[in-house]
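Here is the structure we will look at.
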Amino acid sequence: MQVTEQAIRDVVEQVLARIELPSPPEAAKGPCGCTLSPSGQCTCSDSAYVGRYGLFTDVDEAVAAATDAFEQLSQRPIEDRKRIISHIRRISIDQSVELGTMEMEETQIGRLEHKIEKLKTLGEQTPGVEFLSSQVYSGDHGLAVIEHAPFGVIGAITPVTHSLPTITGNAVSMIAGGNTLVVNPHPSGRRVAAEGVRRFNQAIYEDLGIDNLICVITEPTLESADAIFHHRGVKLICVTGGPAVARAALNSGKRAIVAGPGNPPVVIDETADLERAAKAIIQGASYDNNLLCIAEKEVFVVADVFDAMLDAMQRAGAVRLNASEVDALTSVAMTTVGEGQHLHQVPSKDLLGKDASVLAAAIGKQVPESTELLFGETDEENPFVSVEQMMPFLPFVRCRDASEAIAKAQHYEHGYRHTAIIHSNDVRNMTQMGRVMDTTLFVKNGPCMSSLGLGGEGYLSFSIATPTGEGVTTPLSFTRERRCSLIDDLCILGK
Ligand code: NAD
């Protein structure tokens, strides 16, 4: 046989085919879960910084770093807190498009323009150190000054619905109060959380030389949340989320500020300005596809104006579903979970936070992509009334009169004492509803977000502490009162 190049190639191929080659080793994973490069380096931006700029895989290490950062911050003047916060604000505002897009791509829920707007608005409007005014009592016995001191390291748990925005708002408020924080973000929003935190810390470090003021667990789990809840170095916890995490925080044995779930009802009485009400409801309920905890979730309308109100909703641009379409949507949008007496319905993951046009498509209905909200008449048994749906469909329930509407609103708010809304020009109905609901936020004649200073008076936060009572959190929520008394002197009023 003539030895040609082709003959050699054939023999080599036959030999190789007979040899059982070991399968390639399982690609090694970095501490952040990404695939390591052949030289063992992490390939994502987070992991390159683990242990720096606030990125940690281990709770003990994160708390140690945040404690060290707290000690450094405690040596600095309040003016430095302002500078630190100015970096968080600047990044949140200037990089809102990039970070908002990252959040949208990672979480796949909500609306891009609102992801961007939330970062910008929180950067601009979250109250800072100016909120920390001291109180003074002076009199015959001298002078007492009450100042607001930090707790130390705060453990924060944040939701998927606003991953980086919640961290931005918490970081501004908590650092304004002189604290540092360790965040366990929702796993489905962990990457944007880590990227935002890295950017904040890097800018702060480069300007002021303190790293790790805001630490984030890059691979968050329920175990890491639990480790934060029970860590001796964590002096206070602040959770923003649904019923399970609210319960876990309240049972943790640690002082907790709990921004829990809501199911905000809306009441419309016969005196309401229906056109204005329809616009407000669409604005609030469709914002970020109904992901806000304060968003309008179910509407109780008195019979006298029920049909007129539904017409007003259509005129304002919402798309009405008929009874069979509502039934079809209910069956695809709600899922039953739990067992025995704990059986209950939750929003289906496939439709949570999706666009109104996607909800419509799920029942074979075509609506323009620009549709902000779907709505329809339901009875009160429909799960859209009792479940915090977090998707842009609103159920409207017909009620005999304002008293019945208010009673149903109270029932379906589930005692969360979170948010309630009324559209009315009758002060008695407004007063009755305010008293009965006993909610942290009560809005009259506006969209839900007007209660956070967005189109109404007051200030902004995305952590609204409901069961623990701090309300719309501010830097003061994250401070301890300290009183300093000088006896008999420094009151200059004379005796
Ligand atoms: P979620 O409860 O599923 O998760 C919130 C956070 O808690 C996540 O980081 C999650 O990993 C963690 N978590 C969940 N169960 C836990 C447990 N048993 N122990 C420890 N950690 C746990 O909520 P979500 O879907 O991310 O966010 C939506 C919910 O948050 C809604 O109920 C909404 O009303 C509420 N929310 C409230 C406010 C407020 O200010 N009150 C603000 C935003 C969202």
Side-chain angles (χ1 to χ4, degrees), residues 59 103 106-110 114 118 122 126 155-170 173 182-194 216-231 234 237-254 256-264 287-297 337 344 346-349 352-353 386-391 413-414 416-419 439-441 448-449 451-452 459-474 477:
V59 169
E103 175 136 3
E106 182 180 4
T107 63
Q108 298 284 318
I109 55 173
H114 298 148
K118 287 192 294 186
L122 280 155
T126 305
I157 311 287
T158 53
V160 66
T161 45
H162 335 283
S163 184
L164 187 55
T166 308
I167 296 175
T168 302
N170 281 177
S173 295
V182 174
V183 184
N184 205 61
H186 192 289
S188 303
R190 69 186 193 284
R191 289 211 179 85
V192 68
V216 68
I217 305 301
T218 53
E219 282 300 307
T221 58
L222 290 184
E223 289 70 36
S224 58
D226 201 55
I228 291 174
F229 284 170
H230 295 102
H231 201 292
V234 173
I237 50 182
C238 173
V239 310
T240 307
V245 71
R247 256 192 319 274
L250 291 168
N251 292 332
S252 68
K254 211 174 271 283
I257 293 179
V258 177
N263 190 38
Y287 194 84
D288 211 15
N289 285 341
N290 200 248
L291 292 183
L292 297 180
C293 60
I294 56 171
E296 292 81 352
K297 297 282 194 295
V337 295
H344 63 284
V346 294
S348 104
K349 284 215 168 87
L352 191 144
S386 54
V387 174
E388 189 190 15
Q389 69 267 43
M390 294 187 275
M391 59 183 85
E413 208 271 329
H414 304 303
Y416 290 141
R417 297 201 292 178
H418 195 297
T419 300
T439 46
T440 306
L441 303 176
C448 63
M449 60 276 274
S451 62
L452 297 184
Y459 46 83
L460 176 68
S461 164
F462 267 26
S463 290
I464 301 143
T466 40
T468 49
E470 292 79 5
V472 181
T473 51
T474 71
S477 314

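For this chain, numbers begin at 1 and follow the sequence in order. Counting convention: from 1, in listed order, for ligands and their atoms alike. All values below come from the heavy atoms of this structure, side chains included, with hydrogens, waters and symmetry mates left out.
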Could you check [atom] against the protein and tell me its nearest heavy-atom contact, residue, atom and distance included?
atom                    : answer
atom 36 (N) of ligand 1 : Cys293 CB, 3.6 Å
atom 12 (C) of ligand 1 : Ile157 CG2, 3.7 Å
atom 34 (O) of ligand 1 : Glu388 OE2, 2.5 Å
atom 41 (N) of ligand 1 : Gly260 O, 2.8 Å
atom 4 (O) of ligand 1  : His186 CD2, 3.7 Å
atom 40 (O) of ligand 1 : Ile464 N, 2.6 Å
atom 21 (N) of ligand 1 : Val245 CG2, 3.4 Å
atom 27 (O) of ligand 1 : Pro159 CB, 3.3 Å

Does Thr466 come within less than 4.0 Å of ligand 1, judged by its heavy atoms?
->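 Flag not set, Thr466 not near ligand 1.
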Would you please test Ser461 and Thr473 for side chain to side chain donor-acceptor pair (under 3.5 Å) and show each step?
-> CA-CA 6 Å; Ser461 164; Thr473 51; 2.8 Å; yes
As an exercise, identify every atom of ligand 1 less than 4.0 angstrom from a heavy atom of [X].
X      : answer
Ser463 : 40 (O)
His162 : 43 (C)
Phe462 : 40 (O), 42 (C)
Thr158 : 6 (C), 8 (C), 9 (O)
Ala225 : 20 (C), 21 (N)
Thr240 : 5 (C), 38 (C), 42 (C), 43 (C)
Pro187 : 11 (O)

Under the 3.5 angstrom rule, does the side chain of [X] hit a backbone N or O of [Y] as a donor-acceptor pair?
X      : Y      : answer
Glu103 : Gly189 : no
His418 : Pro264 : no
Asp226 : Thr221 : no
Thr240 : Ala259 : no
Glu106 : Arg190 : yes
His186 : Val160 : no
Glu223 : Ala227 : no
Gln389 : Lys297 : yes

Shortest reach to [atom] by a heavy atom, considering only [options]:
atom                    : options                        : result
atom 16 (C) of ligand 1 : Leu291, Leu292, Leu222, Val258 : Leu222
atom 1 (P) of ligand 1  : Gly189, Gly242, Gly262, Ser252 : Gly242
atom 18 (N) of ligand 1 : Pro185, Ala156, Ala244         : Ala244

Check the pair Lys118, Leu164 against side-chain contact (heavy atoms from CB on, under 4.5 Å), reporting the backbone distance first and the verdict last.
-> CA-CA 9 Å; Lys118 287 192 294 186; Leu164 187 55; over 6 Å; no
Passes side-chain contact (heavy atoms from CB on, under 4.5 Å), Cys293 versus Thr419? Steps please.
-> CA-CA 8 Å; Cys293 60; Thr419 300; over 6 Å; no
Under 4.0 Å from ligand 1, counting heavy atoms only, is it the side chain of [X], its backbone, both or neither?
X      : result
Pro220 : neither
Val160 : both
His418 : side chain
Ala259 : both

Thr158 and its side chain to side chain contact (heavy atoms under 4.5 Å, CB included) partner, picked from Val245, Asn170, Val239 |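 Between Thr158 and the candidates, side chain to side chain contact (heavy atoms under 4.5 Å, CB included) is satisfied uniquely by Asn170.
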Measure the spacing between CD1 of Ile228 and CG of Asn184 and express it to the nearest 0.5 Å.
->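 If we round to the nearest 0.5 Å, Ile228:CD1 and Asn184:CG are 4.5 Å apart.
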Would you say the side-chain atoms of Thr466 and Thr440 include a donor-acceptor pair closer than 3.5 Å?
->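 Thr466 vs Thr440: no donor-acceptor pair found between side chains.
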